[in-house]
Amino acid sequence: MRGIVELGRHPWLHRILAVALGAIFLYAAHDKILDPRPLITIIWGYRLVPPQFTNLIAIYLPWMELLVGLGLLTGIGRRAAAGWATVLLVCFTAALLINAVRGINVACGCFSTSAQDVQNAWLLALRDLPMLAAAVLLTFARPRQQPPLRPGAPRSSPSPT
Amino acid sequence: MRGDLIRDMAVLLAATLLLGTAANLIPARRLAWWGAGQQPPQAGVDFQWMDVHSANEARQALPNAVVIDTRSSAAYREGRIPGAIHLSYTDLGQGLPGELEERLRRADLVLLYGDSEDADTEQLAAQELRRWGLAPPYIVAGGLPAWRVAGLPLESDSEGAP
């Protein structure tokens with residue numbers, strides 16, 4: 001158990017997860033930022049949000065995804081970005097699960113703005129779970145500090161030429 | 001530490017609101033902020049579906065059928081339904097060209113198609129046409145990919161079509 005906790009605090013694990021999750025969010029934001037209008041159809045398709053709110057979500061969601069992606073990739077405000085990634089992924093997963101329970105397969109809108117890209121809602125929710133786990137880890141588990149180098153210790157081994 | 005996280009998340013939210021608001025002030029990509037009547041396009045209200053074979057027969061049988069390609073200009077030049085005109089959804093935001101509006105009002109059938117693998121801009125374009133007071137147009141189910149799969153005729157600029 002202790003080993004798992006230690007692994008969850010490993011700095012390299014945090015870096016890898018942040019870069020991977022950041023890249024996913026940037027990719028997800030790309031199409032929506034170029035043209036947010038088809039996103040209205042997607043949001044509408046979830047049948048969860050009153051029509052008055054669909055446009056507001058389509059206006060702001062792509063930019064949130066972009067900033068979350070940039071934050072995770074660059075490390076600037078990484079925990080805040082991971083925090084918002086957690087919030088977003090909880091919302092996305094809940095929306096997919098509600099529709100899965102209703103028996104409605106929705107167009108996810110995750111990486112494509114096509115409303116005809118309808119997929120199994122259970123599988124889509126399942127796909128979100130690893131990303132959600134990564135976002136939660138990045139938000140709440142602080143990476144272990146790297147031990148400082150000992151004075152006089154070689155920084156790297158010289159390579160023979 | 002938790003205070004730092006909440007503060008940083010608030011900053012990120014503020015940046016999102018700023019960027020989203022600024023981007024939505026650009027006329028070409030503007031969405032209405034709020035209010036009823038902004039519902040997404042709905043089949044049966046803003047448009048009707050038509051399968052590719054019916055669409056092909058209807059465009060040939062009706063003398064005043066107007067076929068509209070809502071994909072990109074490059075895709076349109078590469079291959080389109082014969083006789084289709086190009087009309088991008090973004091251009092519709094600026095208003096309908098007078099000549100085209102007249103033609104659409106006189107049309108027996110307005111048929112839109114897009115690329116179902118891309119985005120549903122044809123549905124949005126249909127809704128926009130409805131807002132301009134035109135009868136609900138038809139949309140080719142499956143768009144051009146379905147048309148291709150069905151082996152129906154296409155034309156392209158390289159064939160010397162207009």
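Numbered from 1 within each chain, the chains take letters A, B, ... in sequence-line order. Below, all heavy atoms of this structure are taken into account, side chains as well, without hydrogens, waters or symmetry copies.
The existence of a salt bridge linking B:E101 and B:R105 is confirmed by a sub-4.0 Å separation between a basic side-chain nitrogen and an acidic carboxylate oxygen. Under 4.0 Å is where a charged nitrogen must lie from a carboxylate oxygen, and between B:D157 and B:R80 at least one such pair does.
Interface remark: A:I43 contributes no atoms to any contact with chain B (heavy atom separation under 4.5 Å). Contacts between A:A81 and chain B at a heavy-atom distance below 4.5 Å involve backbone atoms as well as side-chain atoms. When heavy atoms are compared at a cutoff of 4.5 Å, B:L13 approaches chain A by way of both its backbone and its side chain.
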- Message: Using the rule given for side chain to side chain donor-acceptor pair (under 3.5 Å), can you reason through B:N24 versus B:T21, listing the C-alpha separation, both sets of side-chain angles and the distance that settles it, and then say yes or no?
- Response: CA-CA 5 Å; B:N24 201 46; B:T21 304; over 6 Å; no

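Annotation: the span from B:E78 atom CD to B:R71 atom CZ amounts to 8.0 Å, rounded to 0.5 Å.
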